[in-house]
Amino acid sequence: MAKNRRFLSLALATFLFLSLLVAATGCSSGEKEPTLQEIWEKSESGVDIKSFSMRLSVYYLNTAFGSGIVQENIVNVNGDDLHVQSSLFGADFLEVIKIGDRQYRKMFNDKKWREEQVSVRASDYSAVGRRLSDLPNLSTGSRLEGKENVGGEEVYHLVFEVSPENVTSIFPSVSTVNLSGNQGARIDVWVRVSDYMRIKYEALVKGVSITDKIGKGDVRIVVELSNINQPISINPPS
């Protein structure tokens, strides 16, 4: 009888161990993680974005003068209205507010706002993601790093390697640097697990001829999105 009890105890312990092992590895759910291609295709279908906040930062790296931030734009968009705050080398440089068909500008040395002809559009910033639509086809290699956490959001981390000739087609204009003559790039994209929204992009472009004075270096471009389809108030300057 004691022998039978020991056998049953051992059998029960083995069963519990195997059950925990199956649960830990996710085998019991039968769920399969999506591939990089599947994640990208779902992120391409997108969400109808009416409002968002964006931080766009450009850095110089590994130059003869060291590394550091060059430009940063803080952008808030609500429908067709937008508010842009720009800084150069860490100092405030420019602020623009567009509401309807009226646009206001204030430079770093201005004491008052100036009304001017509309020259910026919300679509100029919402188009950032669309320029990357063909990224899988333009890349020479890609991989899925897995799941991570960005700003409290669970995301998929995708990595793409891009040849020099395709870098300039992906980034047709970066105001602070000429990307011609680059030696290729790595582009990281973070896609939110809950709705497949792309919430962060980061590109490291290597071997760029920045300026004659600075010489060669690497350029890092970071785009971070938040407050997607959340209430964003944009008011005319006071």
In the single-linkage hydrophobic clustering (I, L, V, M, F, W, Y; side-chain heavy atoms under 4.5 Å), do [X] and [Y] co-cluster?
{"X": "I74", "Y": "I232", "result": "no"}
{"X": "L88", "Y": "V84", "result": "yes"}
{"X": "V118", "Y": "L82", "result": "no"}
{"X": "Y59", "Y": "Y201", "result": "no"}
{"X": "V159", "Y": "W40", "result": "no"}

Using a cut-off of 6.0 Å, state whether more than 12 heavy atoms not belonging to [X] lie near its atom [atom1].
{"X": "K216", "atom1": "NZ", "answer": "yes"}
{"X": "R143", "atom1": "CZ", "answer": "yes"}
{"X": "Q117", "atom1": "CD", "answer": "no"}
{"X": "D124", "atom1": "CG", "answer": "yes"}
{"X": "D134", "atom1": "CG", "answer": "yes"}

Reported [atom1]-to-[atom2] distance for the pair [X] and [Y], which is rounded to 0.5 angstrom:
{"X": "K111", "Y": "K106", "atom1": "NZ", "atom2": "NZ", "answer": "10.5 Å"}
{"X": "R105", "Y": "E116", "atom1": "CZ", "atom2": "CD", "answer": "4.0 Å"}
{"X": "L61", "Y": "I69", "atom1": "CG", "atom2": "CD1", "answer": "10.5 Å"}
{"X": "T35", "Y": "E41", "atom1": "OG1", "atom2": "CD", "answer": "7.5 Å"}
{"X": "S226", "Y": "N76", "atom1": "OG", "atom2": "CG", "answer": "8.0 Å"}
{"X": "S139", "Y": "R186", "atom1": "OG", "atom2": "CZ", "answer": "13.0 Å"}

Is the shortest heavy-atom distance from the side chain of [X] to the side chain of [Y] under 4.5 Å?
{"X": "Y125", "Y": "V223", "answer": "no"}
{"X": "I49", "Y": "M197", "answer": "yes"}
{"X": "N235", "Y": "I97", "answer": "no"}
{"X": "L138", "Y": "F160", "answer": "no"}
{"X": "M54", "Y": "N73", "answer": "no"}
{"X": "I228", "Y": "I199", "answer": "yes"}
{"X": "F52", "Y": "N227", "answer": "no"}
{"X": "D218", "Y": "L204", "answer": "yes"}

Handout entry: Criterion side chain to side chain contact (heavy atoms under 4.5 Å, CB included) on L56 and V75, from CA distance to verdict
Key = CA-CA 8 Å; L56 192 158; V75 183; 5.9 Å; no
If I compare all heavy atoms of [X] with all of [Y], which pair ends up nearest, and what's the gap?
{"X": "P164", "Y": "G184", "answer": "CG-N, 3.5 Å"}
{"X": "P136", "Y": "L132", "answer": "CD-O, 4.5 Å"}
{"X": "S163", "Y": "T140", "answer": "CB-CG2, 4.0 Å"}
{"X": "M107", "Y": "L94", "answer": "SD-CD1, 3.3 Å"}
{"X": "V77", "Y": "A122", "answer": "CG1-CB, 3.7 Å"}
{"X": "K50", "Y": "N229", "answer": "N-OD1, 2.7 Å"}

[Y] versus [X], side-chain donor and acceptor atoms under 3.5 Å:
{"X": "S57", "Y": "E72", "result": "yes"}
{"X": "S194", "Y": "E154", "result": "no"}
{"X": "N78", "Y": "D81", "result": "no"}

Checking side chain to side chain contact (heavy atoms under 4.5 Å, CB included) against [X], which of [options] comes through?
{"X": "E95", "options": "W113, F108, Y104", "value": "W113"}
{"X": "W190", "options": "K200, E224, R198", "value": "K200"}
{"X": "I39", "options": "V193, L144, V189", "value": "L144"}

Practice task
With sequence neighbours left out, write down each residue that passes salt bridge (charged side-chain N to carboxylate O under 4.0 Å, His left out) with R121, or none if nothing qualifies.
Solution key: none
Problem - Donor-acceptor contact present, side-chain S67 to main-chain N62, <3.5 Å - result: yes
Problem - Check: G100 main-chain N/O paired with K98 side-chain donor or acceptor under 3.5 Å - result: yes
Handout entry: Check against side chain to side chain donor-acceptor pair (under 3.5 Å), E44 and S133
Key = CA-CA 7 Å; E44 275 290 282; S133 292; 3.2 Å; yes
Exercise for the section: Could you go through the side chain to side chain contact (heavy atoms under 4.5 Å, CB included) check for F89 and V70 one step at a time? Expected result: CA-CA 5 Å; F89 300 101; V70 180; 3.9 Å; yes
